[in-house]
Enquirer: 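Before we start, here is the structure in question, set down as structure tokens.
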Amino acid sequence: MLGQERGFAPAYLGLGSNLGDREVNLRAAVAILGATAGITVEGLSSWYETTPVGKTDQGLFLNGVVRIKTTLSPRELLQCVLAIEQRLGRVRRERWGPRNIDIDILLYDALTIKEPDLEIPHPRLLERAFVLVPLAEIAPDLILPDGRRAREAVRGLFPGQEVLPYNGCRC
Ligand code: X6L
Ligand code: MG
Ligand code: MG
């Protein structure tokens with residue numbers, strides 16, 4: 001391939017919601033991603049109900065991970081996920097506070113980017129059970145930034161961070 005041309009790059013996105021109908025919010029984000037030019041959804045984890053990390057006095061999250069292939073550059077992909085958050089009505093109130101939808105770029109091919117508003121791989125990927133568990137579900141052999149496979153990274157993880165399979169709302 002020549003010059004800037006990249007073809008389809010694999011990327012992994014983390015999804016999270018702890019406001020409103022969490023499952024509807026996550027599904028809407030996946031649907032919009034799949035309908036976006038330059039993005040193909042290749043895989044989707046189960047949903048996991050997870051205890052909040054960082055700011056702990058808020059509702060339980062639903063988290064999941066989606067695998068895409070994309071012709072968008074990392075920066076175009078960032079613009080795209082921010083636009084999807086906007087379209088789904090995300091309002092940024094306090095830092096680390098409750099949100100109806102959060103879409104984070106976890107990995108983009110083998111790229112490393114360190115810019116103020118865009119860090120890939122996601123800088124806290126390896127510390128977050130709510131990201132690693134769904135990632136390991138859909139990509140157990142994926143090599144992480146520390147050289148381990150995803151399936152290795154989830155073992156013996158953070159006793160404090162609960163990540164439970166979500167079987168749907170029974171109300
Ligand atoms: C010390 C200080 C240790 C801060 C950890 C961790 C901060 C995670 C922010 C931290 C710290 C975050 C989600 C969440 C958030 C989510 C669950 C964040 C940003 N997003 N908890 N907390 N799922 N379970 O998607 O990730 S806020
Ligand atoms: Mg996040
Ligand atoms: Mg985010």
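All heavy atoms count here, side chains included; hydrogens, waters and symmetry mates do not. Ligands are counted one by one from 1 in listed order, and the atoms in each one are counted from 1 as well.
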Enquirer: Which bit of F61 gets closer than 4.0 Å to ligand 1, counting heavy atoms only: side chain, backbone, both or neither?
Expert: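 For F61, the contact with ligand 1 is made by the side chain alone.
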
Enquirer: Given that the side chain starts at C-beta and the backbone is N, CA, C, O, which of these parts of N63 lies under 4.0 Å from ligand 1, counting heavy atoms, or is it both or neither?
Expert: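 Side chain only.
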
Enquirer: Report the part of H122 in contact with ligand 1, treating N, CA, C, O as backbone and CB onward as side chain, heavy atoms under 4.0 Å; options are side chain, backbone, both, neither.
Expert: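 Neither part.
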
Enquirer: Looking at the Mg ion (ligand 3), is one of the N, O or S atoms of E85 less than 2.8 Å from it?
Expert: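 E85 does not place any N, O or S atom closer than 2.8 Å to the Mg ion (ligand 3).
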
Enquirer: Salt-bridged, E85 to R99, with N to O below 4.0 Å?
Expert: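 Judged by the 4.0 Å cut-off on N to carboxylate O distance, E85 and R99 do not form a salt bridge.
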
Enquirer: What verdict does the salt bridge (charged side-chain N to carboxylate O under 4.0 Å, His left out) test give for D102 and R92, after you've listed the backbone C-alpha separation in whole Å, the side-chain angles of each residue and the deciding distance to 0.1 Å?
Expert: CA-CA 10 Å; D102 179 42; R92 287 179 186 268; 5.1 Å; no

Enquirer: Can you tell me which residue and heavy atom of the protein come closest to atom 10 (C) of ligand 1, and the distance to 0.1 Å?
Expert: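 So the nearest neighbour among protein heavy atoms is G54 CA, 3.6 Å.
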
Enquirer: Looking at ligand 1, does any of its N/O atoms fall within less than 3.5 Å of an N/O of R128?
Expert: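 Among all N and O atoms of R128, at least one is under 3.5 Å from an N or O of ligand 1.
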
Enquirer: Taking the basic N atoms (NZ, or NE/NH1/NH2) and the acidic carboxylate oxygens, is any pair closer than 4.0 Å for R128 and D104?
Expert: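 Salt bridge between R128 and D104, a charged N being under 4.0 Å from a carboxylate O: no.
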
Enquirer: For ligand 1, indicate whether the residue Q161 contacts it via side chain, backbone, both or neither (heavy-atom separation under 4.0 Å).
Expert: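 Within the 4.0 Å criterion, Q161 makes no contact with ligand 1.
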
Enquirer: So if I count the atoms of ligand 1 from 1 in the order they appear, which ones are less than 4.0 Å from some heavy atom of R99?
Expert: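 Those qualifying, in numeric order: 20 (N), 27 (S).
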
Enquirer: In D102, what N, O or S atom is nearest to the Mg ion (ligand 2), if we give its atom name?
Expert: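 Within D102, restricted to N, O or S, the Mg ion (ligand 2) is closest to atom OD2.
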
Enquirer: By atom name, which N, O or S atom belonging to D104 lies closest to the Mg ion (ligand 2)?
Expert: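 Nearest N/O/S atom: OD2.
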
Enquirer: Hey, does V53 come in under 3.5 Å of ligand 1, counting only N/O atoms on both sides?
Expert: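 Yes; the residue has a nitrogen or oxygen that sits under 3.5 Å from a nitrogen or oxygen of the ligand.
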
